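Read through the structure below, which is laid out as structure tokens, and then see the notes.
Numbers for residues simply follow the sequence, beginning at 1. Since this is a predicted model, take the numbers as computed values, not measurements.
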Amino acid sequence: MEARIDKWLWSVRIFKTRTIAAEACKKGRISINGAQAKPSKTVREGDTVQVRKAPVTYSFKVLQAIENRVGAKLVPEMMENMTPQDQYELLEMNRIGGFVKRAAGLGRPTKKDRRDMDDFLQDSTTQTDFEEFDFDE
């Protein structure tokens with residue numbers, strides 16, 4: 001059995017909508033057995049699908065090629081997660097250290113975010129004593 005890659009990615013709940021899955025294919029973030037895939041590319045049982053969602057590249061083995069969305073409990077019967085452990089460690093490191101560098105599109109930092117960044121970036125050795133300077137000049 002065969003299925004379109006965009007439908008398969010949506011049906012096994014890797015992407016929330018089929019449109020988002022098709023966009024990922026068009027942007028070159030999806031590959032099947034090492035080759036980049038367009039949304040209409042078919043996937044078969046036994047194929048390996050790689051999905052790049054920054055900063056991690058997930059790998060899945062296709063157990064069943066389906067085009068209809070299934071419940072979350074049935075997903076393990078449709079695919080096998082083959083993502084290496086080092087990719088999950090990379091994701092965890094990004095979560096821990098990611099508050100200093102904000103991702104594009106998240107908007108302005110809140111006051112708390114700004115204060116946390118200031119506290120993190122401020123080093124006690126670089127503080128100057130402002131009483132030395134005469135600001136009245």
Shared hydrophobic cluster, Met82 / Val12 (ILVMFWY, side-chain heavy atoms < 4.5 Å): no

Salt bridge (charged side-chain N to carboxylate O under 4.0 Å, His left out) partners of residues 1-27, not counting sequence neighbours, each pair once: Glu2-Arg44, Arg4-Asp6, Asp6-Arg18, Lys7-Glu67

For Pro39 against Ile5, the heavy-atom pair lying closest together: O-CG2, 3.5 Å

Donor-acceptor under 3.5 Å (Ser31 side chain, Gly34 main chain): no

Nearest heavy atoms of Gly28 and Gln36, plus distance in Å: O-NE2, 3.6 Å

From OG (Ser11) to CD (Gln64), nearest 0.5 Å: 10.0 Å

In one Ile/Leu/Val/Met/Phe/Trp/Tyr side-chain cluster, 4.5 Å: Leu90, Tyr58: no

Flag side-chain contact, heavy atom, 4.5 Å: Val51 against Phe15: yes

For Arg29, salt bridge (Lys or Arg N to Asp or Glu O under 4.0 Å) partners two or more places apart: none

Test item: Asp47 side-chain N/O and Val62 main-chain N/O as donor-acceptor pair under 3.5 Å: no

Pairwise distance NZ(Lys111) to CG(Asp113) - rounded to 0.5 angstrom: 12.5 Å

Side-chain heavy-atom pair Met79, Val75 within 4.5 angstrom cut-off: yes

More than 12 heavy atoms from other groups under 6.0 Å of CG on Asn68: no

Stepwise salt bridge (Lys or Arg N to Asp or Glu O under 4.0 Å) check, Asp119 with Arg115: CA-CA 6 Å; Asp119 290 342; Arg115 289 177 183 147; over 6 Å; no

OG1-CE distance between Thr42 and Met1, expressed to the nearest 0.5 angstrom: 11.5 Å

ILVMFWY cluster, Ile14 and Trp10 together (side-chain gap under 4.5 Å): no

Leu74-Val49 co-clustered via ILVMFWY side chain contacts under 4.5 Å: yes

Residues forming a side chain to side chain donor-acceptor pair (under 3.5 Å) with Lys112, sequence neighbours excluded: Asp116

Hydrophobic cluster membership, Leu63 vs Val43, 4.5 Å side-chain cutoff: no

pair Pro55-Leu91: side-chain heavy atoms closer than 4.5 Å: yes

Separation between CZ of Phe60 and CG of Asn81, rounded to the nearest 0.5 Å: 5.0 Å

Gln50 versus Thr57, side-chain donor and acceptor atoms under 3.5 Å: no

Greater than 12 external heavy atoms within 6.0 Å of Lys53's NZ: yes

Atom pair CD/OG1 of Glu80 and Thr48 - distance to nearest 0.5 Å: 9.5 Å

Donor-acceptor contact below 3.5 Å, side chain Arg69 vs main chain Trp8: no

